[in-house]
Novice: 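Here it is, the structure, as structure tokens.
Each chain gets a letter, A, B and so on, in the order the sequences are listed, and its residues count up from 1. Quick note: numbers below take in every heavy atom, side chains included, and nothing from hydrogens, waters or symmetry partners. All of these numbers come straight from a predicted model, not from anything done at the bench.
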There are 2 protein chains.
Amino acid sequence: MQTSTRDRIVVAAARLLQRQGYVGTGIKQIAQEAQATLGSVYHFFPGGKEAVAVAALRHGSEKFGTLLRESLDEADDPAEAVTACTRRLAGDLRASGWTDGCPVTAAALETLGTDSEIQRTCAEALNEWEGLIRDKLLRGGLSPEDARDLASTVLSALEGAEVTAQVNRSEEPLHAVGRQLARLVRSYEVRVETAWSPPLRPR
Amino acid sequence: MQTSTRDRIVVAAARLLQRQGYVGTGIKQIAQEAQATLGSVYHFFPGGKEAVAVAALRHGSEKFGTLLRESLDEADDPAEAVTACTRRLAGDLRASGWTDGCPVTAAALETLGTDSEIQRTCAEALNEWEGLIRDKLLRGGLSPEDARDLASTVLSALEGAEVTAQVNRSEEPLHAVGRQLARLVRSYEVRVETAWSPPLRPR
DNA sequence: ACACCTCTAGAACGAACGCTCTACCCAATG
DNA sequence: CATTGGGTAGAGCGTTCGTTCTAGAGGTGT
């Protein structure tokens, strides 16, 4: 038993929340999947199911964040970087049998009405991811205003395409937004190497 | 009591599924919200909870479809039509207190692993909506290939922006994709009226 | 040796779940 | 008037839910 019980609980809960949502996932199921007992779960998480979920969502958020960061670093050009994201997401999604999509969306949608910690955790995750994309765009030379708007759009499109791909059990939606987002991003980039008279920028 | 009991059940179930997902919504809650009794629910839907959900999702799908159609008809220009969509979605979302987003996403995500009728119903809804957008783009003069790719992207972006807007309780994500999608769509349109030498099309 | 603390183990509780069942109301039909 | 059948009403079934509780295992410090 190399991994701690707590970690096993968090990892198992993250996977189950991603696949079945918050209400669809039982504490006992989490314990079983983590090869832990109910006592252990409540020992590490006295806050009960919600506390487990928050920890699991944070874990999933970080994992997805590094996946995003890695994909974005695959290319210097922001447009290519975005398609690298969609390619990676599509591959992982297919490999999981279309079940492991965004780690927070399901839980987020189920707890919309409430003002639970879960809600806040999901919102934080989305904003953090958007920040990653925005930074990439800024490094690519976009203006702060353009980068903000575009990053928000890219994240929304990724989220939506992930859902669409899962429901249709197809990589196509992700590849489509990959192509279109690349085109959109390119429309912002200052292409100094092109032939058609780039606008002169005052030094 | 002007509306039939069956209709009240479907409408109530649709609203609850939209807000709380499939597992989060109980049959008894549906009955109560619809001012019907459990007996009535099982009388009209011998298939039980899943049958109610399928009918409700179909209802929600149609309602969202007409909303989409109306928005798209607000402008002849496809780019403007898309921003009309995001504007309408943003307004409705705020008006509902950020709770009434896409009527099928929550249920779709919860039932991903299964091969239930619910899954299929959600997939049908998404594809139908994508068809509406594609037709609009085609009417706008885009090539079939471009229209297909773009329609898929637009729908994904709308779905994702809706979720992001709900989680952040803000219209901004929707407006951002509205702006960006308009720019993207415009990049495909043949602008005969612009000054910078439009490509000559053989008559 | 003992007490102490972290962690494991699972029985048990009340509440809520989806669903089945019987009983009843009431308008239409013979 | 009696009968039928669509629709209403809700008690109750077995199961599962999240949570609480007590009991014990295993290691550490004194």
Novice: Does any residue of residues 41-59 of chain B have a heavy atom under 4.0 Å from DNA chain D, and if so, which ones, in number order?
Specialist: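 Of all residues in residues 41-59 of chain B, the ones placing a heavy atom under 4.0 Å from DNA chain D are B:His43, B:Phe44.
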Novice: As a quick check of understanding, evaluate side chain to side chain donor-acceptor pair (under 3.5 Å) for B:Arg69 and B:Thr66, giving each step before the final call.
Specialist: CA-CA 5 Å; B:Arg69 208 188 315 262; B:Thr66 63; over 6 Å; no
Novice: Can you confirm whether A:Val54 sits close enough to A:Phe45 that some side-chain heavy atom of one is under 4.5 Å from a side-chain heavy atom of the other?
Specialist: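 A side-chain contact is absent here, since even the closest heavy-atom pair is not under 4.5 Å.
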Novice: Are the side chains of B:Leu67 and B:Asp92 in touch, meaning some heavy atoms are under 4.5 Å apart?
Specialist: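 In short, these two side chains touch, coming nearer than 4.5 Å.
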Novice: Mind grabbing the angle between the end helix axes of the helix from C:dA1-D:dT30 to C:dG30-D:dC1? Five pairs an end, 10° rounding.
Specialist: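 Computed angle between terminal axes is 20°.
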Novice: Would you say A:Glu159 and A:Leu126 make side-chain contact, with heavy atoms under 4.5 Å?
Specialist: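 With C-beta onward as the side chain, the pair touches.
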Novice: Can you measure B:Arg6 atom CZ to D:dG6 atom C1' for me and round it to whole angstrom units?
Specialist: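 Distance check: B:Arg6 CZ to D:dG6 C1' gives 15 Å.
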Novice: Measure from the side-chain heavy atoms of B:Lys28 and tell me the nearest of C:dC19, C:dA12, C:dT8.
Specialist: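 Closest nucleotide to the B:Lys28 side chain: C:dC19.
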Novice: More 5' along DNA chain D: A:Gly39 or A:Ile27, using each one's nearest nucleotide?
Specialist: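 The answer here is A:Ile27.
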Novice: Reckon A:Thr5 has a side-chain N or O less than 4.0 Å from the OP1 or OP2 of C:dT8?
Specialist: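 True: A:Thr5 side-chain N/O within range (under 4.0 Å) of C:dT8 OP1/OP2.
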Novice: Under 4.0 Å: is that the gap between some side-chain N or O of A:Thr37 and OP1 or OP2 of C:dG10?
Specialist: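 The answer is no; no side-chain N or O of A:Thr37 sits under 4.0 Å from OP1 or OP2.
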Novice: With side chains defined as the heavy atoms from C-beta onward, is the minimum distance between A:Ser152 and B:Glu172 less than 4.5 Å?
Specialist: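 When only atoms from C-beta onward are counted, B:Glu172 and A:Ser152 do not touch, as no gap falls below 4.5 Å.
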Novice: Under the criterion side chain to side chain contact (heavy atoms under 4.5 Å, CB included), which of B:Leu68, B:Leu132, B:Leu181 is the partner of B:Cys85?
Specialist: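 When side chain to side chain contact (heavy atoms under 4.5 Å, CB included) is applied between B:Cys85 and each of B:Leu68, B:Leu132, B:Leu181, only B:Leu68 qualifies.
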Novice: Are there more than 12 heavy atoms of other residues, nucleotides or ligands under 6.0 Å from atom CD of A:Glu128?
Specialist: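 For A:Glu128, atom CD is crowded (more than 12 foreign heavy atoms under 6.0 Å).
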Novice: Would you mind reading off the distance between A:Gln35 atom CD and C:dT8 atom C1', rounded to a whole angstrom?
Specialist: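 Taking atom C1' of C:dT8 as the reference, CD of A:Gln35 is at 14 Å.
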Novice: Base, sugar-phosphate, or nothing: which does B:Leu38 touch, judged by heavy atoms less than 4.0 Å apart?
Specialist: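 Base: the residue B:Leu38, judged by heavy atoms under 4.0 Å, touches a nucleobase.
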Novice: Just how far, in rounded Å, is C1' of D:dT8 from CD of B:Gln32?
Specialist: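 Whole-Å distance recorded here is 16 Å.
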Novice: Closer than 4.0 Å, any side-chain N/O of A:Ser40 to the OP1 or OP2 of C:dT8?
Specialist: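 Yes, such a contact exists.
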Novice: Is the closest side-chain heavy-atom distance between B:Leu89 and B:Thr86 below 4.5 Å?
Specialist: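 SC-SC contact between B:Leu89 and B:Thr86 ruled out.
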Novice: With a 4.0 Å cut-off on heavy atoms, is B:Gly26 in touch with a base, just the backbone sugar-phosphate, or nothing at all?
Specialist: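 The residue B:Gly26 makes sugar-phosphate contact but no base contact.
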Novice: Check B:Thr83 against B:Arg179 and note the closest heavy-atom contact, atom names and distance.
Specialist: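 Heavy-atom minimum between the residues: CG2-N, 4.4 Å.
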